Amino acid sequence: MEEFKTIYCDFDGTITKKDVVNTFFEKYADPKWLESEELWIDGKITSQENAIAQVGLLSNVTPKELDEFLNSIELDDYFKEFLNFIKERNINFVILSDGFDLFINEILERNGINNISVFANHLVYEDNNFRIEFPYHNSKCDIGAGMCKCLQIKEDKFCYIGDGTSDLCVAQKADILFATKSLEKHCQEKGIKYYSFKSFKDVIKVLSNNLIKK
């Protein structure tokens, strides 16, 4: 039986059904955002440099467009059930995202979810344009993220849930790891122990059966 007090979790593509940031760029950014994305994927620029470049390619997004976009984002069908499950067991939940706090906080609120700690890059929206700030940047971050996830981990023993590139470093340090999509592939290649999941229903099942008790 594992003992831990906090579950840390990615947001884009993990809690949400699709990557919120990439979907937003596809819809509203100059197509050159894809060139920057390729440079980041190839390791030629950092995640922070990529975010700065891509946000700079956004312009004249109206409040109506932003509102409609945020309303279109769907959460994992079992995420709320998962939150209730861990709340009953007095487990803390923290979102660690290399995405944008503006999107995360708005999407959670629109789904009736409050009082969750969120650490993410700070996106400012003014006069139909955006700028990005990095309140949780760490110049020594191993993967050059805008928001260093490892720096926010406060416990010696913790659980992590993630799906992608921004999770690679913190995933190696988690005592209990749930992985899907590209993070799962990375774990398989590197021999990192993890639990596979497709939705939070799978996470609930594993935790209930193997790791924690009420």
Side-chain angles (χ1 to χ4, degrees), residues 1-23 73-101 103-120 143 145 147-214:
M1 184 71 65
E2 299 284 353
E3 296 293 335
F4 58 89
K5 295 181 179 179
T6 304
I7 294 176
Y8 295 92
C9 186
D10 177 54
F11 186 77
D12 289 79
T14 302
I15 292 174
T16 56
K17 291 185 177 181
K18 55 187 176 183
D19 188 301
V20 181
V21 174
N22 284 354
T23 303
I73 301 300
E74 294 181 285
L75 302 183
D76 180 284
D77 292 333
Y78 297 91
F79 181 62
K80 287 187 178 181
E81 181 179 339
F82 164 79
L83 290 180
N84 290 331
F85 173 84
I86 62 173
K87 182 178 180 180
E88 290 175 352
R89 290 156 177 81
N90 297 312
I91 296 175
N92 300 320
F93 184 75
V94 178
I95 292 174
L96 302 180
S97 172
D98 204 23
F100 305 145
D101 58 357
F103 291 176
I104 297 169
N105 291 326
E106 281 288 337
I107 291 167
L108 291 176
E109 184 177 342
R110 291 171 190 226
N111 283 275
I113 299 171
N114 301 294
N115 301 318
I116 288 181
S117 296
V118 175
F119 295 88
I143 61 173
M147 202 294 289
C148 181
K149 298 188 176 186
C150 295
L151 201 62
Q152 307 309 319
I153 305 295
K154 305 304 180 184
E155 292 85 359
D156 293 329
K157 200 163 199 176
F158 67 95
C159 174
Y160 189 80
I161 305 171
D163 82 311
T165 304
S166 70
D167 306 308
L168 297 184
C169 186
V170 69
Q172 299 177 58
K173 301 174 182 178
D175 297 278
I176 301 155
L177 174 65
F178 289 89
T180 190
K181 303 173 186 174
S182 64
L183 179 60
E184 180 173 15
K185 182 179 179 181
H186 173 79
C187 290
Q188 291 171 345
E189 293 173 348
K190 300 298 182 181
I192 299 171
K193 182 181 177 180
Y194 74 97
Y195 294 93
S196 177
F197 75 99
K198 299 301 181 186
S199 76
F200 277 87
K201 181 178 183 180
D202 301 322
V203 178
I204 294 170
K205 183 177 180 180
V206 171
L207 290 177
S208 181
N209 292 342
N210 301 301
L211 301 178
I212 61 176
K213 58 185 178 180
K214 188 171 180 180

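Please read all numbers here as calculations on a predicted model, not as lab measurements.
Atom CG of residue L183 and atom CZ of residue F178 lie 12.5 Å apart, to the nearest 0.5 angstrom. Distance check: Y78 OH to D202 CG gives 9.0 Å after rounding to the nearest 0.5 Å. Atoms CD1 and CD1, from I15 and I107 in turn, are 10.0 Å apart once rounded to the nearest 0.5 Å. Atom NZ of K181 is separated from atom CG of D167 by 10.5 Å, given to the nearest 0.5 angstrom. For the atom pair CG of D175 and CZ of F158, the computed distance is 6.5 Å after rounding to the nearest 0.5 Å. Atom SG of C159 and atom NZ of K5 lie 15.5 Å apart (nearest 0.5 Å).
Ring geometry, F82 versus F93: the interplanar angle exceeds 60°, so the pair is classed perpendicular (tilted spans 30 to 60°). Ring geometry, F200 versus F197: the interplanar angle falls from 30° to 60°, so the pair is classed tilted.
Nearest heavy atom pair, residue Y194 against residue Q188, reads OH-NE2, 3.0 Å. The heavy-atom pair separating G99 from A120 by the smallest distance is O-CB, 3.9 Å. Nearest heavy-atom pair across G164 and S182 is CA-OG, 3.3 Å. Taking both residues in full, the closest heavy atoms of S166 and I143 are given as O-CD1, 3.7 Å, listed atom of the first, atom of the second, then distance.
Counting heavy atoms from C-beta on, the side chains of I153 and Y8 come closer than 4.5 Å. The closest side-chain heavy-atom distance from I91 to F85 is not below 4.5 Å. Taking the side chain as every heavy atom from C-beta outward, T165 and H186 never approach each other to under 4.5 Å. Using a 4.5 Å cut-off on side-chain heavy atoms (C-beta onward), K18 and I73 make contact. A heavy-atom distance below 4.5 Å is found between the side chains of I113 and F79. By the 4.5 Å heavy-atom criterion applied to side chains, E81 and I204 are counted as neighbours. Residues I7 and V203 form no side-chain contact, since every pair of their non-hydrogen atoms from C-beta on lies 4.5 Å or further apart.
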Can you list the steps and then say if K80 with N111 is a side chain to side chain contact (heavy atoms under 4.5 Å, CB included)?
CA-CA 9 Å; K80 287 187 178 181; N111 283 275; 4.3 Å; yes
Please report the C-alpha distance between K193 and L177 in whole Å, then the side-chain angles of each, then the deciding distance to 0.1 Å, and finally whether the side chain to side chain contact (heavy atoms under 4.5 Å, CB included) criterion is met.
CA-CA 7 Å; K193 182 181 177 180; L177 174 65; over 6 Å; no
Take S97 and D12 through the test side chain to side chain contact (heavy atoms under 4.5 Å, CB included) and record every step on the way to the result.
CA-CA 7 Å; S97 172; D12 289 79; 3.7 Å; yes
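Atom NZ of K87 sits in a sparse spot, with 12 or fewer heavy atoms from other residues, nucleotides or ligands closer than 6.0 Å. Counting heavy atoms of neighbouring residues, nucleotides and ligands inside a 6.0 Å radius, atom CG of N114 exceeds 12 of them.
K149 and D10 are joined by a salt bridge, as a carboxylate oxygen and a charged side-chain nitrogen come within less than 4.0 angstrom of each other. Salt-bridge check for K201 with D76: failed, with every basic side-chain N at 4.0 Å or more from each acidic carboxylate O.
Judged purely by atom type and a 3.5 angstrom limit, D98 uses its side chain to pair as donor or acceptor with the backbone of M147.
For the residue pair D163/T14, the side-chain donor-acceptor check at 3.5 Å is satisfied.
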